[in-house]
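Heavy atoms only: backbone and side chains are in, while hydrogens, waters and symmetry mates are out. Each chain gets a letter, A, B and so on, in the order the sequences are listed, and its residues count up from 1.
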Amino acid sequence: VNGPPRQSRERRSTESLEIRAEIVKLARLLHCEVERLAYLEEVAIEDLRALRERATQTLFGAQEGTLRRLAAASKLLPAGLIASLSQHPFGPMLSARITGLLDADRAVEIAARLPIEFLADVAVELDPRRASEVIAGIPAARISKITSALAERQEYVTMGRFVGHLGDEALCAALSALDDEALLQTMFVTEDRLPLDELTARLGEERIGCLHAAAERKGVRLEQLTR
Amino acid sequence: MPRMSRDAAVRSLEAQLGHRLPEGVMSLAAEDLSDLAAALRDARHRQAAALHEAGDRALHHIPRLLRGPIRRIVG
């Protein structure tokens, strides 16, 4: 007996990866184990996205008045001291909440003084849409190092959230920092699929050939992971 | 953790999210809705507590001269 047509199998496979990625993102946001939210696996992807979006608004909006006042107060302090306070006592979660409320140039100046591993911690907690200008201001060389740190931790879901927020140079740096496996895993879960011709232009024909082969080995076509 | 009734879990989630629940989430079992409401509530409480504690601790790292003006801004 023949199974379902290949395209239908592939579509289901990428859909279940998208659902899994949404659950991972929600678990990160709520600081709970992914397994705890396993009951969400049967919920449609659009509903999961809506749920996560609303939970993001709730948590990033909570204590926003206090966070805004802290951001205003930070103008009185030197960037080095803010960088130090970001690591301790504020930590990555609160730093991520405040990032989007700071003046972007100031936030970039502070980020320049923070260690890569801490910036990777903040990236996991950040809603990139609320800090687009800050992300765009981080030099490509640092983006490359943060990408490597996230890849080391297999934080594909986190990297996937940033794809649409990187400028040209930073995107090239990030793509180059990933090996084929990490890049494919990120492409599986990103919300901002790149056009295949753009990916080819950035990576070159030779690497795209390798990615096609790696995708085939995973039972999908590269075209499904691009737009 | 005491389990909420289905209605109570839906009310809790909708109040926390400030929106009606998406249809697919609404169709979850009562115990799952209850768990989701608790996970969101715990995350909100943890965040509030972390912010309160960090704010207090941060003042000790700030030069004395600036503590007054910072306190006036933060409130």
Checklist entry - Under a 4.5 Å heavy-atom cut-off, does chain A meet the side chain of B/L36, its backbone, both or neither? => result both

Next on the checklist: Counting only non-hydrogen atoms closer than 4.5 Å, does B/L17 touch chain A with its backbone (N, CA, C, O), its side chain (CB onward), both, or neither?
Outcome noted: both

In Å and rounded to the nearest 0.5 Å, what is the [atom1] to [atom2] distance from [X] to [Y]?
X: A/L29; Y: B/L40; atom1: CG; atom2: CG; result: 8.0 Å
X: A/L85; Y: B/L59; atom1: CG; atom2: CG; result: 9.5 Å
X: B/D35; Y: A/Y39; atom1: CG; atom2: OH; result: 3.5 Å
X: A/Q63; Y: B/Q47; atom1: CD; atom2: CD; result: 5.0 Å
X: A/T58; Y: B/R44; atom1: OG1; atom2: CZ; result: 7.5 Å

Checklist outcome for this item: For A/A73 and B/I73, the nearest pair of non-hydrogen atoms, with its separation, is N-CG2, 3.8 Å

Checklist entry - Taking all non-hydrogen atoms of both residues, which atom of A/P89 and which atom of B/H61 are closest, and how far apart? => result CD-CD2, 4.3 Å

Next on the checklist: Please check if the number of heavy atoms outside A/E191 that lie under 6.0 Å from its CD is greater than 12.
Outcome noted: yes

Next on the checklist: Can you confirm whether more than 12 heavy atoms, excluding those of A/E223, are under 6.0 Å from its CD atom?
Outcome noted: yes

Between [options], the one whose heavy-atom pairs under 4.5 Å with chain B are most numerous:
options: A/H31, A/R69, A/E42, A/R68; result: A/R69
options: A/L40, A/L26, A/L59; result: A/L59
options: A/V43, A/L81, A/L37; result: A/V43

Next on the checklist: Within the 4.5 Å heavy-atom criterion, are A/L77 and B/I70 side-chain neighbours or not?
Outcome noted: yes

Item to check | Test item: A/D47 and B/L21 side chains (from C-beta on) under 4.5 Å apart, heavy atoms | outcome: no

Checklist entry - Hey, is the main chain of B/R20 close enough, under 3.5 Å, to the side chain of A/R54 for a donor-acceptor pair? => result yes

Checklist entry - Is a side-chain donor or acceptor of B/R46 paired with a backbone partner of A/L30 at a separation under 3.5 angstrom? => result yes

Next on the checklist: Test side-chain contact (heavy atoms from CB on, under 4.5 Å) on A/L70 and B/L51; report intermediate values, then the result.
Outcome noted: CA-CA 10 Å; A/L70 282 170; B/L51 183 57; 3.6 Å; yes

Contacting moiety of [X], where chain B heavy atoms sit under 4.5 Å:
X: A/L48; answer: neither
X: A/L94; answer: side chain
X: A/A62; answer: both
X: A/L51; answer: both

Item to check | Residues in residues 95-122 of chain A that sit under 4.5 Å from chain B, counting heavy atoms only | outcome: A/R97

Item to check | Contact winner vs chain A - B/P22, B/A58, B/A43, heavy-atom pairs under 4.5 Å | outcome: B/P22

Checklist outcome for this item: Given B/A50, B/A39, B/S27, B/P69, the one with more heavy-atom pairs under 4.5 angstrom with chain A than any other is B/A39

Checklist entry - For A/R193, which residues count as a side-chain hydrogen bond (donor to acceptor under 3.5 Å, both in side chains) partner, sequence neighbours excluded? => result none

